[in-house]
Number of protein chains: 2
Amino acid sequence: MTNIDDVARLAGVSTATVSRALRGLPTVSAATRRRVLAAAEQLEYAVSPSASRLAGGRTGTVAVVVPRITRWFFGTVVEAVEDLLQQAGYDLLLYNLGGREQVRQRVLRTANLHKRVDAIMLVATPLRPADLTALTKLKLPGVTISSGTVVPGWPCVRIDDVGVARTATRHLLDLGHRRIAHISGDPDDELAYTTHLDRRRGYREALADAGIDPDPCLDVESQFTISGGTRATEELLRRGDPPTAIFAACDEMAMGAMTALRDSGLRVPQDVSVIGVDDHDLASVLGLSTIAQPAAEQGRLAARILLDPLHGGARSSWGGPYLDTPGEPVILPTRLIVRESTAAPRAH
Amino acid sequence: MTNIDDVARLAGVSTATVSRALRGLPTVSAATRRRVLAAAEQLEYAVSPSASRLAGGRTGTVAVVVPRITRWFFGTVVEAVEDLLQQAGYDLLLYNLGGREQVRQRVLRTANLHKRVDAIMLVATPLRPADLTALTKLKLPGVTISSGTVVPGWPCVRIDDVGVARTATRHLLDLGHRRIAHISGDPDDELAYTTHLDRRRGYREALADAGIDPDPCLDVESQFTISGGTRATEELLRRGDPPTAIFAACDEMAMGAMTALRDSGLRVPQDVSVIGVDDHDLASVLGLSTIAQPAAEQGRLAARILLDPLHGGARSSWGGPYLDTPGEPVILPTRLIVRESTAAPRAH
DNA sequence: CTGAAAGCGCTTACAG
DNA sequence: CTGAAAGCGCTTACAG
């Protein structure tokens, strides 16, 4: 294949000049630049990323780590992030943990990412102390999304998970419900980690504010998926004395709950109200009440934060227009959307 | 950072030996290998991918191109592909076209991918003649998924889209429907390309087999999304004399159709039956009848085909265990799943 | 089984 | 504004 020497020869300049011209550096005369570009085009020259990276020290690549790309939130985040990275000329290396501990370790624990990427984005990735040590050693810029993923020194974009849960629960309380169940993440589930703890806390706080003692029978743990929601709800119904309302920790669980309720002959919302979190694409199709969170916006913001210092900005200083207080997470707003899945409980 | 020289020095061998030992080449004595591994671990050494790629000529990276990662089919495919690539030690470079023509051109038209990846997977990517020329020039191994994406010399994994549409339509005919509408992809939509043509053909063939002339009023084009399905169905209802059944080209469109029907006061399946294609995660939640296609399996198969020759196999010869007839596409089976959204039309 | 040396294809001070 | 030269950190024949 044609390399930089071929272009230099054809354009009648040195390889250094070709390199500068092609990268748009200002220290090249217009005429020279034109000749170089013409030569490059004529030869269909494309720089070798490996050579460029080795010599220049930059990879032009960002690693994006998500628990499961097939879940609505993560797919939406990745799509938004890819868009911005693409615009900025960066490649996106995708790591879909998929609950595989081995992969998690290879990505987070080893120096695997070291010379492979310029920056790291961790989305809702559970982190153990050893992971933090390893990430810190990498000395790469990074950003996280989700309250459960906190790396000292890295900016974090997230929503207020406790507040979200309070709002959802309060909505049910305002409708007159007293027996409100919560289905959420399993502590054994690598993917759920602390987000579900925050949401449970908000749920309990809202109950407490209403003077209701949390009933352990109404609190079931499962996975953050449709089938997880189905299983949790089946378990809930098995325990007897069913709730009049269910607050699911995410829309996918809520959808699973709706399925389980239907299969048990219970109607939503006449017999049981259901509310989730996310505003999943299909929430409106299902008439699911939910707390909407801006998934794409969180991805966009995180990408911008990452790209900012990457673009010649001072790598050492996070901040700029996106982080007023570098140490504080950026918390994006959420909002209650009432649809058909929540209503007042029937009078007894 | 520590480099190969540091490891060589500590282990008391040459860098060539370190390189061989770390890569597990057989021409290294057990004792030497042990010393090298110990030294590498002690120094927390990680090879520089750029240097390794430049010297070795292999990138250990595969480009995966999808129209929209947020659509069920593509997310599912990518997840399966990532799993296999990860296991084989390959990085996954994600390109989410997202209908951005500029990105499409940058990825497909330029030699951008040239030294960046070892192989390319194109999932349901519309290809123009100029794209084919560019891809062929790259001389990289590749594989495609979907009947609409055909690159001469590249293996293709897909389903029988015409057959799928015939089966879906015949199911509705068997139930007694005669006025069967079809909602499918828009020819202006970069993402729909030929898959929707195949599905329309199957729809028409099934109608013809039943002695029914296709009614253009019952054939509406829109996008392969939930909102596309909603819009198409609204258009369908606007035209008057509504159908008794709708065959949607994918489950997401079918879900949109269900929403539009509900919002118009029509019940599914009492007033209108709806069937889709995919067996989307949520199809069972919605009780949607559909033609299931193996998304993850298509991804897995395509990944295996790609990895096979990559693993030291002869790059020139596709085939092996996965392709009996190299020129022929691998066609995976689909199956009809009848749920609650399809039923016999009401007697007039 | 192991090493010395060339080379992969760029970018970056440095000098002019 | 431009060029000569060193160097980025590996892998690969080649030789032994």
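Throughout, protein chains are lettered first and strands after them, A, B, ... in sequence-line order, and every chain is numbered starting at 1.
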Checklist outcome for this item: Using Watson-Crick geometry (N1-N3 plus N6-O4 or O6-N4) or G-U wobble (N1-O2, O6-N3), each under 3.5 Å, C/dT2 is paired with D/dA15
Next on the checklist: Return the CG to OH distance between B/Leu37 and B/Tyr45, rounded to the nearest 0.5 Å.
Outcome noted: 12.0 Å
Next on the checklist: Within the structure provided, determine whether B/Arg128 and B/Arg104 are in side-chain contact (heavy-atom separation under 4.5 Å).
Outcome noted: yes
Any luck finding a side-chain donor-acceptor pair between [X] and [Y] under 3.5 Å?
| X | Y | answer |
| --- | --- | --- |
| B/Tyr95 | A/Asp91 | yes |
| B/Arg33 | B/Ser29 | no |
| A/Ser14 | A/Thr17 | yes |

Whole Å only: how far is the [atom1] atom of [X] from the [atom2] atom of [N]?
| X | N | atom1 | atom2 | answer |
| --- | --- | --- | --- | --- |
| A/Leu54 | D/dG7 | CG | C1' | 9 Å |
| A/Asp5 | D/dA4 | CG | P | 12 Å |
| B/Ile4 | C/dT2 | CD1 | C1' | 14 Å |
| A/Leu22 | C/dT11 | CG | C1' | 13 Å |
| A/Arg53 | C/dT11 | CZ | P | 12 Å |
| A/Asn3 | C/dT11 | CG | C1' | 14 Å |

Item to check | Interface residues of residues 23-48 of chain B with DNA chain C (non-hydrogen, below 4.0 angstrom) | outcome: B/Pro26, B/Thr27, B/Val28, B/Ser29, B/Thr32
Item to check | Among A/Leu85, A/Val65, A/Val66, A/Val143, side chain to side chain contact (heavy atoms under 4.5 Å, CB included) partner for A/Met121 | outcome: A/Val143
Checklist entry - The side chain of B/Ser14 lies closest to which of these nucleotides: D/dA5, C/dG3, D/dG9? => result C/dG3
Checklist outcome for this item: From the candidates C/dA4, D/dG3, C/dG9, the one with an atom nearest any side-chain atom of A/Thr17 is D/dG3
Checklist entry - Does A/Ser52 place a side-chain N or O at less than 4.0 Å from the phosphate oxygens OP1/OP2 of C/dT11? => result yes
Checklist entry - Any side-chain N or O of B/Ser19 under 4.0 Å from OP1/OP2 of D/dC10? => result no
Checklist entry - For B/Ala11, does its backbone N or O pair with a side-chain atom of B/Arg35 as donor and acceptor, under 3.5 Å? => result yes
Checklist entry - If you find the nucleotide of DNA chain C closest to B/Gly56 and the one closest to B/Arg20, which residue's nucleotide is nearer the 5' end? => result B/Arg20
